Amino acid sequence: KEHISEIEAFQARNMEEIESFRIKYLGKKGILNQYFAEFKNVSNDQKKDFGQAVNTLKNAAQDKVTALKEQLESTQEEKGIYGDLSRPGEPVEIGARHPISIVKNQIIEIFSNIGFNVSEGPEIEDDWHNFTALNLPEYHPARDMQDTFFIQTNPDVLLRTHTSSVQVRYMEENKPPIRTISPGRVFRNEAISARSHCIFHQVEGLYIDKTVSFADLKQTLLYFTKQLFGKSKIRLRPSYFPFTEPSAEVDIYWGLETETDYRITKGTGWLEIMGCGMVDPNVLQNCNIDPAEYSGFAFGMGIERIAMLLYQIGDIRMFYENDLRFLEQFKSSI
Ligand code: PHE
């Protein structure tokens, strides 16, 4: 009995202590073997009780040794995981968002603040959504403005040349009022250079309601450029797009306004940032919206071009080369 309570109370701090405990009870000259040796001297009527008691003791000692070992191992494991808690942490490599994503998210945020939602569509398009519905019938010379990658001809299947195709899909599926922006990848069969690429990104916007006017368009553009660039000295130059009438190109004045304006190092003056206009009544009609009841404006911009301005990037190819020296520079951006 005394042995049992001693066994129960025993605590070990390390393997050596467990081992000497084991030897003390279960070793060759240990307490248990001494009892077993005495067994033959015990009178017959006590043999049964004595034997049971010794066996209980033996089991208790063996169980204790196993338990102590397990306990020690688990505390060692924990130490292995947590180690020295005062040790300085190892730095975790954090990636950076791609500048195209950063700028795209900024544009989405700015327009969602004035009630625009985000719409998406397929990159592989049919002729209707990319051209015909947008007032660009077959053989229309304006189709040449956008050098198209065809996947199949007759019927035409192609890589979309602009995300205006998403606007067509959106108008077909939703009733006005419509306020939506369509970010996405677009494709044009253009020679790759510092200024243009065959794959790039656009955000196009569409607003359709009763009595939407050109003044609404201008005011929206002023708000947008002010939010994104922190300035909004813009001008609208008359232009032509088959899907808008009247159409304009938007220039932003990118000049040295304060000496501390860190963004401005080169490329100053009036710089084109997007195309826009009032949605052509034919386009509304094509999408089952009554032009007698509704009017709207649309605009479209290339994300790369905007990002090149904001970050003073001189070569569009940098966006697609995945050079870590380039990408790492955007780590502090959200
Ligand atoms: N879809 C035109 C382009 O890709 C941009 C644009 C959109 C122009 C909407 C006017 C209105 O160049």
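Note that ligands are numbered from 1 as they come in the structure, with each ligand's atoms numbered from 1 the same way. For clarity, every value in this text was computed on a predicted model and none was experimentally measured.
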Any F243 heavy atom less than 4.0 Å from ligand 1: yes
Which ligand 1 atoms, with their elements, are less than 4.0 angstrom from a heavy-atom of G300? 6 (C), 7 (C), 9 (C)
Taking the ring of F297 and the ring of F214, is the distance between their centroids below 6.0 Å? no
Near F241, which atoms of ligand 1 are under 4.0 Å from a heavy atom of that residue? 8 (C), 10 (C)
Under 6.0 Å from the ring centre and within 45 degrees of the ring axis: does the NZ or CZ of K47 meet both conditions for the six-membered ring of F39? yes
Reported CD1-to-CG distance for the pair I151 and L158, which is rounded to 0.5 angstrom: 7.0 Å
If you compare R160, M301, Q167, E204 by their heavy atoms, the one closest to atom 2 (C) of ligand 1 turns out to be E204
Checking contacts here: is it the side chain or the backbone of C276 that comes within 4.0 Å of ligand 1, counting heavy atoms only? Could be both or neither. backbone
Among H162, M274, R188, closest by heavy atom to atom 12 (O) of ligand 1 is R188
Stepwise side chain to side chain contact (heavy atoms under 4.5 Å, CB included) test for L284 and D290: CA-CA 7 Å; L284 296 176; D290 183 2; over 6 Å; no
Which segment of F299 sits under 4.0 Å of ligand 1 when only heavy atoms are counted: backbone
If the cut-off is 4.0 Å to any non-hydrogen atom of T244, which atoms of ligand 1 fall inside it? 11 (C)
Donor on one side chain, acceptor on other, Y170 and N117, under 3.5 Å: yes
For residues L327 and H98, determine if any side-chain heavy atom of one lies less than 4.5 Å from a side-chain heavy atom of the other. yes
S164: heavy atom below 4.0 Å from ligand 1, yes or no? yes
Any idea which part of E249 is under 4.0 Å from ligand 1, heavy-atom wise: side chain, backbone, both or neither? neither
May I ask you to say whether R317 pairs ionically with E304, meaning some side-chain N is under 4.0 Å from a carboxylate O? no
